[in-house]
Enquirer: 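Please read through the structure below; I'll follow up with questions.
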Amino acid sequence: MLASDLRSDLEAHAFAVETQLARVVETVAGTAALIEAAPGLGDGDFATYTARMLARLPVLEALEWSPRGSAGEPAREEALQRAVETGEVTISDPIHAARAEPGGWSFLLVAPVRAPPPAETERRPPVRGFAIGVVRFADLIAAAFSERATTGGGRLAWQLAGEDAGGRGVVLWSSVTSGAVEEPRAGASLQRTIVAGGQRWTLVARPTDSALRAGRSSSPALLGAASFSGWQLLVALSAVLTWRGRERQERRRIERERAEQLTQRLASAVEQTADGVLITDRSGVIEYVNPAFEQTTGYSRAEAVGATPRLLRSEQQGPDFYRELWATILSGKPYKGMLFNRRKSGDVFAAEQTITPMRDAQTGEVSHFVSVLRDLTERTRLNEQETELRLAAAVQQRLYPDPLPRIAGFDIAGGMVPALTTCGDYFDFIALPDGRLAVVVADACGHGVGPALIMAVTRAYLRSLTALRGDIEGVVRELNRLLLADLEAHLYVTMVLGVLDPGSGVLTWANMGHPAGYVLDAHGAEKSRLSSTCLPLGMFAQLGAQPGRTTQLAPGDLVVLLTDGVIETSSPEDREFGPAAMLDVVRGCRHETAERIVAAVLGAARVHAAGQARRDDVTVVAIKRDG
């Protein structure tokens with residue numbers, strides 16, 4: 001085999017490796033461009049894109065989007081830093097993932113992903129993450145050599161050499177190690193340097209004994225110090241020139257394909273992004289709108305193209321505003337701000353809008369404008385709703401008793417925790433004209449704003465009725481009549497209403513479909529249970545408001561009232577807290593103040609939930625007669 005043939009083989013195989021490298025570099029660069037163009041790209045969409053890219057280019061072992069990029073591996077961190085500094089795709093030092101396996105060396109391709117450029121500066125925008133590809137050297141060489149359909153036909157042994165992160169020379173891949181060819185002849189070799197992404201590798205070809213024997217007659221000093229014959233030099237020169245011509249053609253083809261693929265990806269990203277996009281020429285005539293623009297504004301592409309952005313003008317921002325906007329973008333600076341636009345339907349909507357000038361590549365003059373608008377209607381509505389909820393919660397907090405009643409011989413406390421901002425639970429202490437104290441714990445079905453309004457109405461009715469009437473039965477019947485007229489058919493209120501006579505310690509009560517209350521003696525034993533005596537309020541005209549049996553509170557006795565949110569608090573295993581566990585908590589701290597007993601029950605329910613979101617409001621009231 002002639003020296004020129006060996007050289008030609010080496011150059012052809014090196015070019016095949018460079019071609020494969022160019023493909024993976026282009027893929028990683030295109031991925032970064034896709035992420036920059038579509039910042040709202042979801043995890044599912046990116047996973048689908050990644051699967052397609054890996055199937056299209058098997059040499060890529062993995063392709064990922066890393067918002068932070070830090071991993072602690074020196075080779076990776078050094079590549080990330082170079083990518084930030086250069087703004088280009090960089091290749092890491094070799095990473096030996098599995099030293100015990102042949103071909104275990106891999107490398108990373110890192111492309112920076114930048115944030116959208118800030119409107120107030122022309123500085124390069126900061127890097128917000130990286131597109132990262134992973135390639136094994138063995139896979140890269142296998143893909144490159146498969147395109148040549150040969151590894152030298154047994155005539156050549158191949159190695160790819162480089163340096164690791166510590167600057168030590170290493171063999172990144174070897175055909176001999178893989179058992180592909182016979183052992184090479186020592187002392188004779190050809191080398192070719194491959195440069196890409198800030199790395200330099202050396203592809204080494206060594207002839208085998210069979211290749212040397214085959215070429216000994218025509219070139220006895222093959223690859224040694226002896227000179228070649230004239231016709232061998234011509235053949236070698238012809239091969240090199242032919243290869244260089246093919247190289248230039250192949251590079252131009254790759255560049256065209258890269259540009260076409262990047263254009264297709266960018267067009268696809270713009271078409272699929274959730275933000276509205278329109279492109280105008282320098283005079284403001286619309287040349288393109290994406291589907292999100294059509295959905296947001298109501299104008300179809302056919303209606304928008306050829307018109308100007310004036311079709312969106314709501315007249316809520318005057319001529320001076322638009323003159324300043326145009327002066328900004330015509331000067332080549334991007335504009336970012338809030339615009340009040342009008343949909344085709346006539347509705348005005350607020351939009352966060354960015355308008356970026358595009359310069360002609362040849363003249364450098366502004367030729368087009370790209371505008372990206374994000375409809376803020378839903379965000380504004382949510383902000384207004386949150387504000388209303390905060391105000392409602394603040395008003396509702398003022399409806400709870402503050403300060404708590406101070407009655408000689410009794411310690412009284414109450415507390416609640418809402419599931420949402422507002423609460424459907426209600427507790428109250430109402431001083432009656434005759435010196436007695438009305439105690440109420442109630443719950444409207446559900447939680448949130450609606451039940452909170454119901455409880456506000458219930459509180460107003462109850463306070464008015466107890467001021468006029470002293471008997472529980474009469475108060476309950478009249479309250480039921482009022483709520484029945486106000487509530488829709490599927491709504492109701494459960495309640496425990498008690499009246500405490502501080503002088504005698506007698507507690508009269510009624511329970512309207514509410515969870516039972518408990519009376520414990522000084523030793524923690526259950527003395528009485530305040531179970532339901534009639535149906536919930538607001539359901540039926542004929543309530544039959546039966547009071548429960550009167551309870552005499554002795555010194556040391558403790559009354560505990562609560563809503564179902566306490567006993568129905570669920571654990572991550574969907575196990576309810578339950579009344580037994582609640583009573584165990586109360587018994588364990590029965591010698592504490594009423595306020596601490598309430599806090600202990602609320603805290604135990606929170607611990608039982610183990611961080612899960614509350615499903616219902618939670619309320620506890622404790623009344624303790626001094627011992």
Side-chain angles (χ1 to χ4, degrees), residues 3-26 28 59 75 78-79 82-83 86 88-96 103 105-110 133 135-148 150-152 155-178 181 184-207 222-225 228 233 236-252 254-255:
S4 58
D5 294 329
L6 295 177
R7 172 62 68 180
S8 179
D9 258 359
L10 174 65
E11 293 290 351
H13 283 78
F15 177 70
V17 173
E18 290 173 332
T19 300
Q20 286 296 325
L21 268 173
R23 290 173 182 169
V24 293
V25 167
E26 183 271 341
V28 175
V59 69
E78 190 273 339
R82 279 195 289 120
T86 65
E88 303 291 339
V89 177
T90 61
I91 295 177
S92 73
D93 290 324
I95 298 173
H96 205 173
W105 289 102
S106 301
F107 63 91
L108 306 179
L109 300 101
V110 181
V135 176
R136 295 175 68 248
F137 282 96
D139 294 339
L140 174 70
I141 300 299
F145 281 22
S146 66
E147 293 191 352
R148 301 294 305 163
T150 176
T151 58
R155 300 171 299 181
L156 296 176
W158 299 90
Q159 282 186 341
L160 187 67
E163 291 183 349
D164 63 10
R168 295 177 294 270
V170 291
V171 176
L172 304 172
W173 173 85
S174 173
S175 62
V176 176
T177 303
S178 62
V181 297
R185 178 65 173 265
S189 67
L190 290 174
Q191 299 182 2
R192 168 73 149 74
T193 300
I194 296 173
V195 179
Q199 295 294 332
R200 295 174 66 88
W201 305 319
T202 303
L203 184 63
V204 182
R206 291 187 175 89
L222 183 66
L223 300 180
F228 295 122
L233 289 173
L237 179 59
S238 174
V240 170
L241 292 176
T242 301
W243 169 77
R244 287 181 176 173
R246 289 200 306 269
E247 180 188 33
R248 285 193 294 270
Q249 293 176 0
E250 182 66 14
R251 288 191 182 279
R252 285 195 292 268
I254 291 173
E255 289 173 357

Enquirer: Return the CD to CG distance between E11 and L203, rounded to the nearest 0.5 Å.
Expert: 9.5 Å
Enquirer: Nearest 0.5 Å please: distance from the CZ atom of R192 over to the NE2 atom of H13.
Expert: 13.0 Å
Enquirer: Checking Q191 now: which residues fulfil side chain to side chain contact (heavy atoms under 4.5 Å, CB included) with it, not counting sequence neighbours?
Expert: S189, T202, V204
Enquirer: Where is the tightest heavy-atom contact between L10 and A205, given as atom of each residue plus distance?
Expert: CD1-CB, 4.0 Å
Enquirer: Can you measure from CD1 (I95) to CG (D164) and round to the nearest 0.5 angstrom?
Expert: 11.5 Å
Enquirer: Tell me every residue that passes salt bridge (charged side-chain N to carboxylate O under 4.0 Å, His left out) with D93, counting only those two or more places apart in sequence or in another chain.
Expert: none
Enquirer: Apply the ring pair (Phe, Tyr, Trp, His ring centres under 6.0 Å) test between F137 and each candidate in F107, W158, W105; give the one that qualifies.
Expert: F107
Enquirer: On a heavy-atom basis, which atom in R82 and which in G197 lie closest, and how many Å separate them?
Expert: NH1-O, 3.1 Å
Enquirer: Identify the two heavy atoms, one from A75 and one from S92, that lie closest to each other, and give their separation to 0.1 Å.
Expert: O-CB, 3.7 Å
Enquirer: Considering residues at least two apart in sequence or located in another chain, which fulfil the side chain to side chain donor-acceptor pair (under 3.5 Å) criterion with E163?
Expert: none
Enquirer: Give, for atom CG of L140 and atom CD of E18, the distance between the pair rounded to the nearest 0.5 Å.
Expert: 10.5 Å
Enquirer: To the nearest 0.5 Å, what is the distance between CG (D9) and CG (L190)?
Expert: 10.0 Å
Enquirer: Testing the basics here: between A79 and T90, what is the closest heavy-atom pair and its distance to 0.1 Å?
Expert: O-OG1, 3.0 Å
Enquirer: Of all the heavy-atom pairs spanning S106 and R136, show the shortest one and how long it is.
Expert: OG-CG, 3.4 Å
Enquirer: Mind checking the CD1-CG spacing from I141 to L160? Nearest 0.5 Å is all I need.
Expert: 5.0 Å
Enquirer: Any idea which heavy atoms bring L21 and A196 closest together, and the distance?
Expert: CD1-CB, 3.9 Å
